[in-house]
Amino acid sequence: MSWQPNPLEEQRLDKLARLREIGIDPYPLRVERTHTTHEAIAAFEATTEGEPVKVIVCGRLLSVRDMGKTIFAHIGDESGRLQLFLRRDDIGDESHTTFKKLIDLGDFIQAGGEMFRTKLGEVSLHVREWRLLSKAISPLPVAKEQEVDGKIVRYSAFTDVEERYRQRYADLAANPEVRDIFRKRAHLVSALRRFMDDHDFLEVETPILQPLYGGAAAKPFTTYHNQLKQELFLRISFELYLKRLLVGGYERVYEIGRDFRNEGVSFKHNPEFTQLEFYAAYWDFHDVMDFTERMVAYAAEAVLGTTDVVFNGKMLQLGQPWLRITMRDAIKHFAEIDYMDYPDQASLAAAVRKIGGEAPPGAPWGKLIDGLLGDFVEPHLIQPTIIMNYPRDISPLAKAVPGDPLHVERFEFFIGGMEMGNAFTELNDPIDQRERFESLQEMFGKDDEERNPIDEDYLRAMRYGMPPNGGFGMGIDRLAMLLTDSRTLREVLLFPHLREREE
RNA sequence: GGCCCUGUAGCUCAACGGCAGAGCAGUUGACUCUUAAUCAAUUGGUUAGAGGUUCGAAUCCUCUCAGGGUCACCA
């Protein structure tokens with residue numbers, strides 16, 4: 001349904017008309033701005049008292065305290081907020097009345113004058129002239145704030161989770177700490193990129209629309225190209241394309257981008273999510289472990305200035321050497337079961353059920369083990385922990401542990417009780433790779449969407465020779481959760497997907 | 001998808017079978033150093049939607065919609 005103005009909006013539409021009647025363009029083209037609010041305050045404080053500091057600032061009107069012939073107001077811009085001091089004697093009758101009658105909270109205005117300090121000590125702008133820059137028709141949720149013992153207490157803040165996500169623009173406008181989350185996220189991404197670049201990795205972009213999907217076990221989104229008359233998939237990982245580039249001669253490549261998985265949504269799952277993957281020739285998974293520790297510590301330091309991060313009430317020490325433990329030992333410790341005592345699917349399934357774990361019928365041996373990890377181990381992995389040596393049957397792209405046919409050189413790392421990333425010593429034997437793909441075909445049913453089609457082109461690339469390499473993938477959204485102490489993924493996604501609603 | 005919880009004014013919330021209310025925002029008025037400004041007056045509602053029970057429903061029941069939590073799912 002199209003927009004029907006509510007009574008408050010009707011009032012503002014009326015003000016809009018009255019502004020035009022008195023010759024004021026409520027949406028002018030040009031703006032004069034000499035300072036941000038932060039710069040204006042800094043300029044004043046850098047000057048000896050008495051020396052005039054003339055500024056023109058712009059921003060959204062956040063609060064108004066009308067004292068009659070004097071008006072105090074605050075405007076906010078991205079740099080901060082600034083109090084305006086408007087007197088009728090300074091700006092004139094007409095301008096004074098216009099401000100009182102036709103200007104609302106949420107409007108953008110421009111104000112010029114000299115900086116000064118009020119009797120109560122707040123650095124403010126003594127306004128000589130002001131101008132409307134953009135009229136707000138819909139009232140923005142306005143919160144009132146009070147400082148109590150140094151802490152900001154907010155009244156009537158905009159907190160409705162659903163509306164905050166559906167109208168993220170209003171959320172951002174009303175809640176400065178939400179703006180801060182996404183500023184941190186941006187810093188995180190640029191820090192990761194800088195770290196990769198500084199270590200001689202080449203940033204590349206590989207197809208999002210792919211004729212085949214692979215590199216992970218996940219259900220894909222499908223789409224269709226009309227002119228090519230071809231079904232296409234949105235990528236579920238970057239892996240197979242990035243490793244083709246190692247065949248081509250690049251030794252270190254990475255990509256930061258979006259993956260799409262047509263699966264359930266939860267506090268740590270979203271249908272599209274941002275991933276960092278890299279592949280480094282001549283590295284094995286031990287090299288990747290070392291690099292991962294340094295990368296995460298670097299990112300935390302860059303974003304927060306520290307590697308000690310508070311998440312969910314617990315202090316995470318990202319800067320310490322991380323605990324490294326094999327999957328078998330971790331499960332022995334937390335689930336008190338040695339899965340090597342149950343070398344086949346049936347006996348392991350029985351053992352898992354006996355200790356109260358999940359053992360879906362038909363789940364492969366390795367998947368049962370991964371289930372044990374998820375149920376019994378993962379929730380305990382609050383401090384950064386590397387779990388290494390994964391079952392071979394659920395890891396088709398990793399090289400076997402020497403002398404151990406059941407495990408591969410693969411690790412996942414966990415922080416704050418969440419899986420953050422996945423890495424391995426990459427399989428580069430094309431014959432072995434084909435066998436792995438083929439056994440996967442048998443393992444997953446024909447109708448199972450997680451069954452990856454065999455990527456013949458990838459095998460062809462590998463037959464030309466692929467250098468030994470270590471690969472890595474990490475969920476950036478989850479890392480952003482950690483660094484912003486957010487309890488759900490949606491808090492770190494600007495526009496999380498919500499079910500469509502009839503308006 | 002199962003189970004549990006939630007949906008009331010622009011925002012934040014009360015009322016829990018008996019007249020739909022408060023604070024903020026808005027409107028009108030007073031006030032030339034206020035900052036949750038203050039003071040006085042005042043407007044604003046399809047109680048998410050549809051149906052049912054009842055003399056009477058925001059409140060109880062059923063269904064639908066949306067959101068949250070949790071479980072399932074998720075290398």
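In what follows, every chain begins at residue 1, and chains take the letters A, B, ... in the order their sequences are listed.
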Indicate the ring-plane relationship of A/F472 and A/F413, choosing parallel, tilted or perpendicular according to the 30° and 60° boundaries.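 Rings of A/F472 and A/F413: parallel, as their planes differ by under 30°.
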
[X] and [Y] ion-paired at < 4.0 Å:
X: A/R328; Y: A/D338; result: yes
X: A/D432; Y: A/R392; result: yes
X: A/K69; Y: A/D89; result: no
X: A/R436; Y: A/E438; result: no
X: A/K15; Y: A/E9; result: no
X: A/R81; Y: A/E122; result: no

Phosphate oxygens OP1/OP2 of [N]: is one of them under 4.0 Å from a side-chain N or O of [X]?
X: A/K144; N: B/A25; answer: yes
X: A/R65; N: B/U38; answer: no
X: A/K15; N: B/U27; answer: yes

Establish whether the base of B/U34 is bridged to the side chain of A/E122 by a donor-acceptor pair shorter than 3.5 Å.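 A donor-acceptor contact between them is absent.
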
Should the side chain of A/T70 and the base of B/U34 be counted as holding a donor-acceptor pair, with the cut-off at 3.5 Å?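 Answer no: no donor N or O sits under 3.5 Å from an acceptor.
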
State the pairing partner of [N]; accept Watson-Crick or G-U wobble contacts with both distances under 3.5 Å, and report none otherwise.
N: B/U54; result: none
N: B/A72; result: none
N: B/A22; result: B/U12
N: B/G45; result: none
N: B/U35; result: none

Side chain of [X] only, please: which of [options] is the nearest?
X: A/T159; options: B/A75, B/G67, B/U12; answer: B/U12
X: A/D160; options: B/U12, B/A75, B/C74; answer: B/U12
X: A/A216; options: B/A66, B/C31, B/A75; answer: B/A75
X: A/R87; options: B/U32, B/C73, B/C33; answer: B/U32
X: A/K69; options: B/G67, B/C31, B/A75; answer: B/C31
X: A/H74; options: B/U35, B/G67, B/G10; answer: B/U35
X: A/R410; options: B/U34, B/A75, B/G68; answer: B/A75

Mind checking the [atom1] distance from [N] to [M]? Whole angstroms is fine.
N: B/G7; M: B/U47; atom1: P; result: 14 Å
N: B/U42; M: B/A25; atom1: C1'; result: 14 Å
N: B/U59; M: B/A20; atom1: P; result: 13 Å
N: B/C61; M: B/C5; atom1: P; result: 10 Å
N: B/C33; M: B/U43; atom1: C1'; result: 32 Å
N: B/U38; M: B/G10; atom1: P; result: 23 Å
N: B/A57; M: B/A48; atom1: P; result: 15 Å
N: B/G21; M: B/A58; atom1: P; result: 13 Å

Remember a base hit wins even if backbone is also touched, and classify [X] as base, sugar-phosphate or nothing at under 4.0 Å, heavy atoms.
X: A/F116; value: base
X: A/Q83; value: base
X: A/Y390; value: nothing
X: A/R499; value: sugar-phosphate
X: A/G215; value: base
X: A/L498; value: sugar-phosphate
X: A/P391; value: nothing
X: A/S237; value: nothing

Without decimals, in angstroms, what is the distance between [X] [atom1] and [N] [atom2]?
X: A/M420; N: B/C74; atom1: CE; atom2: P; value: 21 Å
X: A/D90; N: B/U32; atom1: CG; atom2: C1'; value: 10 Å
X: A/Q167; N: B/G10; atom1: CD; atom2: P; value: 12 Å
X: A/L61; N: B/G26; atom1: CG; atom2: C1'; value: 14 Å
X: A/I75; N: B/U34; atom1: CD1; atom2: P; value: 21 Å
X: A/F267; N: B/C71; atom1: CZ; atom2: P; value: 8 Å
X: A/E491; N: B/G69; atom1: CD; atom2: P; value: 10 Å
X: A/N175; N: B/C11; atom1: CG; atom2: C1'; value: 11 Å

pair A/V64-A/F72: side-chain heavy atoms closer than 4.5 Å: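 With C-beta onward as the side chain, the pair stays apart.
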
Enclosure of A/H380 NE2 (heavy-atom neighbours >12, cutoff 6.0 Å):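 Yes - once you tally the heavy atoms of other residues, nucleotides and ligands closer than 6.0 Å, there are more than 12.
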
Which sits closer to the 5' end of RNA chain B, A/K101 or A/P139, going by the nucleotide each is nearest to?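 Going by which nucleotide is closer to the 5' end, it is A/P139.
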
By nearest nucleotide on RNA chain B, pick out whichever of A/V265 and A/H497 is the more 5' one.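 Counting from the 5' end, the first nearest nucleotide belongs to A/H497.
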
